[in-house]
Amino acid sequence: MDKKHLVVFTLAIVSLFFTAPLHSQVVLLDEDFEGLDLGPFVDEVYEDPGAIDVNQVWTNVPPEGWVVEDVTPLGGVRDWRAWSFANKAAWSFVAGDQRRSEFTKGQGTVAIVDPDEWDDLDHDPGTFNSFMQTPPISLTGVEANTVVFQFDSSWRPEDNQAAAVTVSYDGGAPSDVFFWTSTEGDPFLKMTIQRMIL
């Protein structure tokens, strides 16, 4: 499938936990991106920054242990050429909101992949593609069928885009936890969503 834009996808909180005996929860992974050190945007500019400190709004450095893979063509708006992390209000300001403020579960720093913004400056031919990987997560001692994966997200369908969460056990081949597209008539068509529990 030819994709000009892969996905407009924002994450606020990512959690992985399992239900232990007596229905308590043991957290295996929890990330809200609030610990990241933010700096100024590279290419983006504000029409009216309001009360936002423009020197503390963005980074492309993921949390410790996380890996961002960027296979997007060179050029474009450098702030959005792969998964990035930004103050949600600042991200809304630079784009004229575009309904971003409706992502009410996203506050403070959020993880963003936004090829629509990336596409606003000239770039080499090709499609936007970016991937983000969590640190390895040990399931030692965890009973089968007790792990729950949850994240707060904003997904805005546009053009022919797709998004997936995949998992690999013990270094094996990855398999889809879910797969979404924004293509009308596609069986994997997904409209806007905020909370996902798997």
Self-check item: Side chain proximity check, P174 to V167, heavy atoms < 4.5 angstrom
Solution: no
Quiz prompt | S130 and W118, any side-chain heavy atoms less than 4.5 Å apart | solution = no
Quiz item: For S101, what residues pass the side-chain hydrogen bond (donor to acceptor under 3.5 Å, both in side chains) criterion, not counting sequence neighbours?
Solution: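 side-chain hydrogen bond (donor to acceptor under 3.5 Å, both in side chains) check on S101 returns D97.
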Self-check item: Contacts of type side-chain hydrogen bond (donor to acceptor under 3.5 Å, both in side chains), residue S138, not counting sequence neighbours
Solution: T140
Can you name the nearest heavy-atom pair linking [X] to [Y], along with the distance?
{"X": "A164", "Y": "F179", "value": "CB-CD1, 3.8 Å"}
{"X": "D116", "Y": "D120", "value": "O-OD1, 3.3 Å"}
{"X": "W58", "Y": "P40", "value": "CE3-O, 3.5 Å"}
{"X": "E143", "Y": "T146", "value": "O-OG1, 2.7 Å"}
{"X": "V142", "Y": "V147", "value": "CG1-CG2, 3.5 Å"}
{"X": "W155", "Y": "A163", "value": "CZ3-CB, 3.4 Å"}

Quiz prompt | Cluster overlap V61 with L36, hydrophobic side-chain contacts below 4.5 Å | solution = no
Quiz prompt | L74-V71 co-clustered via ILVMFWY side chain contacts under 4.5 Å | solution = no
Self-check item: Where at least one partner belongs to residues 61-70, residue pairs that pass salt bridge (charged side-chain N to carboxylate O under 4.0 Å, His left out), sequence neighbours excluded
Solution: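 Of all non-adjacent pairs touching residues 61-70, those that pass salt bridge (charged side-chain N to carboxylate O under 4.0 Å, His left out) are D70-R81.
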Look up atom [atom1] in [X] and atom [atom2] in [Y], then write down how far apart they are to the nearest 0.5 Å.
{"X": "T127", "Y": "D119", "atom1": "OG1", "atom2": "CG", "value": "11.5 Å"}
{"X": "S154", "Y": "I112", "atom1": "OG", "atom2": "CD1", "value": "10.0 Å"}
{"X": "D152", "Y": "T104", "atom1": "CG", "atom2": "OG1", "value": "9.0 Å"}
{"X": "Y169", "Y": "I137", "atom1": "OH", "atom2": "CD1", "value": "10.0 Å"}
{"X": "S92", "Y": "Q98", "atom1": "OG", "atom2": "CD", "value": "9.0 Å"}
{"X": "N55", "Y": "F41", "atom1": "CG", "atom2": "CZ", "value": "11.5 Å"}

Quiz item: Passes side-chain contact (heavy atoms from CB on, under 4.5 Å), K88 versus R100? Steps please.
Solution: CA-CA 8 Å; K88 194 196 85 171; R100 291 168 179 170; 5.7 Å; no
Does [X] reach the main-chain N or O of [Y] with its side chain, forming a donor-acceptor pair under 3.5 Å?
{"X": "S84", "Y": "N60", "answer": "no"}
{"X": "T59", "Y": "F85", "answer": "no"}
{"X": "K105", "Y": "F151", "answer": "no"}

Of all residues at least two apart in sequence or in a different chain, which pass the side chain to side chain contact (heavy atoms under 4.5 Å, CB included) check with [X]?
{"X": "E34", "value": "D32, T109"}
{"X": "D122", "value": "none"}
{"X": "E31", "value": "F33, P63, W66"}
{"X": "V67", "value": "Q133"}

Exercise. Take V57 and I52, measure what side-chain contact (heavy atoms from CB on, under 4.5 Å) needs, and give me the verdict at the end.
Key: CA-CA 8 Å; V57 292; I52 297 173; 3.6 Å; yes
Self-check item: Results of salt bridge (Lys or Arg N to Asp or Glu O under 4.0 Å) for D43 - residues two or more places apart only
Solution: R78
Practice problem: Kindly indicate, with the supporting measurements, whether the criterion side-chain contact (heavy atoms from CB on, under 4.5 Å) is fulfilled by V77 and E117. | Solution: CA-CA 7 Å; V77 178; E117 281 298 295; 5.6 Å; no
Quiz item: Around atom CG of D176, are there more than 12 heavy atoms of other residues, nucleotides or ligands at under 6.0 Å?
Solution: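 Result for CG/D176: enclosed.
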Quiz item: Is the count of non-hydrogen atoms from other residues, nucleotides or ligands lying under 6.0 Å from D37 atom CG greater than 12?
Solution: no
Exercise. Compute whether any side-chain donor of one residue and acceptor of the other, for W80 and E44, lie under 3.5 angstrom apart.
Key: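 Yes, because at least one side-chain N or O of W80 sits under 3.5 Å from a partner of the opposite role on E44.
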Quiz prompt | Worked check of ring-ring contact (aromatic ring centres under 6.0 Å, His included) between W180 and F178 | solution = CA-CA 7 Å; W180 295 341; F178 74 75; 4.3 Å; yes
